[in-house]
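First up is the structure itself, then whatever we jot down about it.
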Amino acid sequence: MNRQQKVDAALEQFDKHMREATGHTFDEYTYIRAAGPSCLEHVELYGRLVDESGVVDFLEKCQLEDRKSAAGRKPQLSFRAVLILLMMHIDGGDARYGTIAKTLFARTTPQTREYLGLPALLSNEKQWYLRYHRSLNRILDLLEPWEVSKRHHVSAEEFVKAKDTYSQEKRDRAEDVVNMLLHATVRRLPADIHSRYKGNVAIDATPIKLVGRPNWKWHAVEEKRKNLDAMSTRYTREGNHEGQGHQTDEAAWEMETVVTVANKPGDNLSFPVLMTGASFQHPGRNKYGPLRAVKQHCAIFARDTRYRLIADQMYNHFKPHRFQNEIRKLGFRGVWNFSGKGRAGIHGTIEDAVCADGHLYLKWTPRDLLTATEQYQADEITKKEYIAKIEARRKYALIEKGRPDEDGFQRFTYPCITKDMMLFDPVTDKRLRRPPVIAKKTLTIGPDSDESMRIIRKLSAVQYYTEEWHAWFGLRNRVEENNLWFKSDSATDIGNPEKRRARGYAYNFLVAGAAASVSNMRRIVSHLEGEAESVAGRSSLRTRRRVDIDGNPLKHHNAIAA
């Protein structure tokens, strides 16, 4: 195949992928997104996502479960219409109630009103504002874990009473709704790209900041709440991110995010960065949120597509029965960071192996090699000496055999003892005169003892600070980029709390989740465009957009709108 044939094939594949992902060619899709709510195709972009997610049926089911009677004001906007309007305006950069009311008042057509099922009412902008507000609150009432006023600053007594109204069921619902929207975007991936995925993810938490002063900490029940979002707490960049009362603390919730990353380091086009799991929590109070977010990711990817989970040093410091062992049971192996006081060094011994810096080595490995990271962090050795010790201990490392099973058990093979190995008694630290006898050829690690769990807490898929570790751990940047993209880019601007002035756990989680879903779709399109450009080049791609897959001229923009 010559160069021109490769270019033509790449461009045809680009058109095919775009139609699979969006229903349109790139040029049509770009125009429709920019056309605004007066264009039926624009509204349909978000309508198809909402419909494919199944979230409307889920909310209607929840409403039936909660409804005590058929009495009350009849809704004027359906769940479906509210969610479509929300996602459409988030993509436009402003989902405030007033902006959506303006659209309902003056920026719809007979076609878009019919598609959204809007009532044929003569109304002013304020009336539409109230209708949308009431209709969105119908959704939020199904998802809000606490019963608390959002109209005034809650007293200490009211706060205590509100805490007693907590509903785990409603919190689960909110999480399911957000992840159903995320998963709808993941299913938009073209089948051949979806099938490439090897199972790597990165996880991190990001603040969803609020307008106003921060409240006191969650357990400060004797104090009046300072923020109208009464159940929110305070965020700080330091430590575990739970604010302790410093003047730089900010009012916020925190969103735990799981994203897909490349199949291997340095191959960014192998798979797009998409948010595939999310949970919502108070800043720093992440006892259960990380695992819940990972399980949401697993709901859309099969077990054979779970490989490595990359996270910062906070995540391998959790209690293992809450996170590290559980993700192993799901099929993941962690890639951890051991920087920081007390995180590196020897973590435990089991049979003829010792765990150091998250990796298993022969227990007769020289101690100065096992403690090399601690020495380096204490400035006892230079970086050059540290790297030399890291390389020297490779030959003592056990080799993993396959992935952990559904119970969290994984098998490792001991390395062959060779003449060039210096072996030391782990008790006396004296060099052995003759090679020791390894009791078994393999070692199985699983959650069957306290010693095993101490090792599982730190067990990492790659040896710390090697070139391989730097390459894999570098993929963690993708989750930080994702958090920046869906919050702070010019399209959604959801990181700006001034554009989220409504209050409550459910509102902020729903809006952040909808923004992540919109961002996912943009990144799918960007990935498809990047793949085509890598073969055809930008100039060929721009030329291609003027014709369809059969070489016929594209419709004029006015014809698309009509």
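Quick caveat: nothing in here was measured; it's all calculated off a predicted structure. We use all heavy atoms of the structure for the numbers below, so side chains are in, but hydrogens, waters and symmetry mates are not.
In summary, D407 and K329 do not engage in a salt bridge, as defined by a charged side-chain N under 4.0 Å from a carboxylate O. Ion pairing between a basic and an acidic side chain is recognised when a charged N comes within 4.0 Å of a carboxylate O; R322 and E326 show no such pairing. In this structure, K170 does not pair ionically with E144, as no charged nitrogen and carboxylate oxygen lie closer than 4.0 Å. In summary, R476 and E480 engage in a salt bridge, as defined by a charged side-chain N under 4.0 Å from a carboxylate O. Ion pair D91/R522 flagged as a salt bridge, since at least one NZ, NE, NH1 or NH2 atom sits closer than 4.0 Å to an Asp/Glu carboxylate oxygen.
With 3.5 Å as the limit, one finds a donor-acceptor pair spanning the side chains of S339 and Q313. A donor atom on one side chain and an acceptor atom on the other are found under 3.5 Å apart for H17 and D192. R113 and T108 share a donor-acceptor pair across their side chains, judged by distance under 3.5 Å alone. In this structure, a donor-acceptor pair under 3.5 Å is absent between the side chains of E175 and N179. A donor-acceptor pair shorter than 3.5 Å can be found between the side chains of H89 and T103. Checking D94 against T99 by side-chain atom types alone, a donor-acceptor pair falls below 3.5 Å. With no hydrogens or angles considered, a side-chain donor-acceptor pair links Q168 and D172 at under 3.5 Å. Inspection of the Y307 and R403 side chains reveals no N or O donor paired with an N or O acceptor under 3.5 Å.
Contact annotation: the side chain of N508 approaches that of F280 to within less than 4.5 Å [non-hydrogen atoms, C-beta and beyond]. Using a 4.5 Å cut-off on side-chain heavy atoms (C-beta onward), N316 and R457 make no contact. Between V479 and I310 there is no side-chain heavy-atom pair separated by less than 4.5 Å. Contact check for E169 versus E65: side-chain heavy atoms found under the 4.5 Å cut-off. Taking 4.5 Å as the limit, every side-chain heavy atom of L330 sits out of range of all side-chain heavy atoms of E406.
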